[in-house]
Amino acid sequence: MEAGMVTPAPALVRFSGIQKTYDGEHLVVKNLDLDIRKGEFITLLGPSGSGKTTTLMMLAGFEVPTQGEIYLAGRPIKNMPPHKRDIGMVFQNYALFPHLTIAENIAFPLSVRKIGKADAQERVNAALRMIKMETMAHRRPGQLSGGQQQRVALARALVFNPQLVLMDEPLGALDKRLREQMQLEIKQLHETMGITVVYVTHDQSEALTMSDRIAVFNNGIVHQIDKPAALYEHPVNSFVAHFIGENNVLSGTVETVDKDYCRVALAGGGAVTARTVNVSGAGTSTSLSVRPERITIVPGGASSDGPNRLPATVQNTIYLGDHALAVLDVSGNAEFMVKLQPGAHDSLTHGADVFVTFRPEDCLALDPV
Amino acid sequence: MTDASLTGADARTEVPLKRRLRRAERARQVKALALVLPLLVFLLFTFAGPIAGMLWRAVDDREVRQVLPQTVAALADWDGKDLPNEDAFAALASDILAARAAGTIATAAKRLNYALNGFRTILTSTARNLKAAPERGAAKETLGKINAAWRERATWTTIKDAGGPLTGFYLLSALDLTRNVDGAIIAAPPDQAIYREVFTRTFVISLSVTVLCLMLGFPVAYLLATLPPARSNLLMIFVLLPFWTSLLVRTCAWIVLLQSKGVVNDSLLWLGIIDQPLRLIYNRFGVCVAMTHVLLPFMILPLYSSMKAISPAYMRAAASLGAPPLTAFLRIYLPQTLPGIGAGSLLVFILALGYYITPALVGGAADQMISYFIALYTTETANWGLASALGAVLLLATLLLALVYGKLVQGQQVTGGMKN
Ligand SMILES: Nc1ncnc2c1ncn2[C@@H]1O[C@H](COP(=O)(O)OP(=O)(O)OP(=O)(O)O)[C@@H](O)[C@H]1O
Ligand SMILES: [Mg+2]
């Protein structure tokens, strides 16, 4: 009909005006609207208690939305019981059935679907190959390490080719090295199998490395849904800026607003030019956000002058192996971090007076915290 | 040279180290032993001792030997094919005279009467009529005249069998078996063969009670394990309430409820559902109801503890993998409660096997369990041998069951697989 209009691919999952309360007093999820596209790896990221698990449980069918409707492949699923939703799920504690062997655990979703013995056996073997655990098929979950159990839980959730796979902090119990390895494996599986994954974590680096898109939760509200790079580069408010990556905050008052940039007088003295992102207009207060790696330290005597040049006092330097951080006192913020190039920290002694500079486009004027 | 001195140094330090370790270990072991010693001694006297005593009494057989020592000695190499020789008769006559003087005839008579009905009369009449020791060579004739039973081979085999010091007589009786004149094991005469039936009845009642307990206890345990804590604690109090009242009171309460003019019958009559009182008590029904009531907590508690350990995540996982609720219950939940079902059933069954008071109070004559007979023989007729033999058979059956159970649960090791 409407020639020329591009109809976007319909969402596999659509949360529409979802609210959820457990006790009738507090909304754990407040007005959630979220589209999940087919084949996408989307992460729900947020601090503890922000409603991520609740959102996932509503999608899986273990909790009922207080208000709103969830659509799966275009159909409302409010009244569809969990076992009919065809959604694979990996639980935080794996929930492998302790009385069944690994092979039986993986075969379980196939056998409840009455898939033929031979076919099921083949698919279980393929799944075991995929997680490289063919030799442990006859062990019980209690005889596996945490990482191995995690793999089995993954295989079990994938073996019946669900249209959607949910993972609730599946790597939370693993140590750092194993976690990173598993992140890669999950990502690879996602790419080779083309499945849609909804992943929950409160670890921002995990979210950044794995996701196509990230939904940042706080207090039952989705603050921003975007690609990892966009979240980092263009946070829409202070919470997102602060939650994703390292971040320096300077508070001040907006003096003038020009189309894309504004001039901000800092509470601790001095003034800078910042990119206008989320300010209400001249005269209102704002929080400035600057990433540590976008800041340069110039020695006290240097004469270079720019729009954003603030006096600073060195507190100390922190050595982190591949790089180092300088902690400075800048305009009343005593924990102002600057990422240093290798070797650069030698000259910074405690109490030295220096200047910090950063480009206006690297300084974001956001809502006050 | 350095090697040598090194090993030398090692050897020097090693010896005291080992000794110190041993000393430390010994101190620990002594302390541990001291902690369990009181219980050990207590158990030895109250548990191991009585059981050993009971097992011993089941095979101990010395009454006849003590009262008729010469007879038993004379029969020692009798082949049992024909009547014993004159010497045995003479020994018996002399034994009877001695026993009459000592007043111990009754002891032997009682024991021999167990094996051969009427032996008491034979022995006491002989003792009464035997005026003096028969002349040499005339013992056989004299005794035969006093009581014709002495001319029967069975009379003598009975004495020989009862000669002790050990006997299988009581154990055989407990299994409705006996020995015939030729010493072969045969089935006991029908009027004495009651114990197999009693054992069967005991097992059937125990099994019914176990099944009833499981059927009634499973849903309650499930509720207990899944309700929010406040309500499950309240429910738990109701489950444990029976433990606060005495067994006797609870059993009598059932009599009040179930008798023909009891609450249940009155209500049913009043409602017009029946027009004659139902017989609810002094029969198998009453026994099963009262015993199920008494034993229910022993089923619920193990079930509850095994269900409490099952994370709700398993059922959610099963549902997310496509299992409808019933399938998830049967394939995921139920198998994980098996250890609890096993433990509870074994506990209830074994407790039920030994029940005495409840069937005695609310059961009819045909509902008495083996404990009733054990009690009867120990307190009424003082037939300790048979009572002990019945106890030993019951103990053996129970041990066998426990062993089978152990084998069953060993086969399938169900461990909590949730690793965090
Ligand atoms: N069954 C429940 N009954 C009542 N309140 C609940 C229940 N489950 C969660 N909540 C509350 O809802 C809020 C959100 O919980 P949710 O589990 O969704 O958080 P989350 O984002 O997954 O946190 P985490 O990262 O710690 O897992 C919390 O404040 C929590 O206390
Ligand atoms: Mg959670």
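Treat the numbers as computed from the prediction; the structure is a model and nothing was measured. Basis for what follows: all heavy atoms, side chains included, without hydrogens, waters or symmetry-related copies. The sequence lines fix the lettering, A, B, ..., with proteins before strands; numbering per chain opens at 1.
For chain B, the nearby parts of A:P82 are the backbone and the side chain; heavy atoms of each come within less than 4.5 Å. With a 4.5 angstrom heavy-atom cutoff, A:R113 touches chain B only via side-chain atoms. Contact of A:F62 with chain B is made through backbone and side chain together, with heavy-atom distances under 4.5 Å.
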Point to revise | B:Y314 vs A:L96, side-chain contact (heavy atoms from CB on, under 4.5 Å): CA-CA, chis, key distance, verdict | key: CA-CA 7 Å; B:Y314 293 133; A:L96 297 180; 5.9 Å; no

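Taking CG of B:L321 as the start and CD1 of A:I87 as the end, the distance is 12.0 Å to the nearest 0.5 Å. The distance from atom CZ of B:R316 to atom CE of A:M57, rounded to the nearest 0.5 Å, is 5.0 Å. For the atom pair CZ (A:F97) and CD1 (B:I310), the distance works out to 12.0 Å, reported to the nearest 0.5 Å.
For the residue pair A:S111/B:R331, the side-chain donor-acceptor check at 3.5 Å is satisfied.
Taking both residues in full, the closest heavy atoms of B:A317 and A:F91 are given as CA-CE1, 3.4 Å, listed atom of the first, atom of the second, then distance. Closest non-hydrogen pair, B:A323 versus A:V112, comes out as CB-CG1, 3.9 Å.
Environment of CD in A:E69: crowded, with over 12 heavy atoms of neighbouring residues, nucleotides or ligands closer than 6.0 Å. The number of heavy-atom neighbours closer than 6.0 Å to NZ of A:K84, taken from other residues, nucleotides and ligands shown, is 12 or below. The environment of CZ in A:R14 is sparse: at most 12 heavy-atom neighbours from other residues, nucleotides or ligands sit within 6.0 Å.
Test A:H83, A:R156, A:R85, A:M89 against B:S320 for side chain to side chain contact (heavy atoms under 4.5 Å, CB included) and you get one pass: A:M89.
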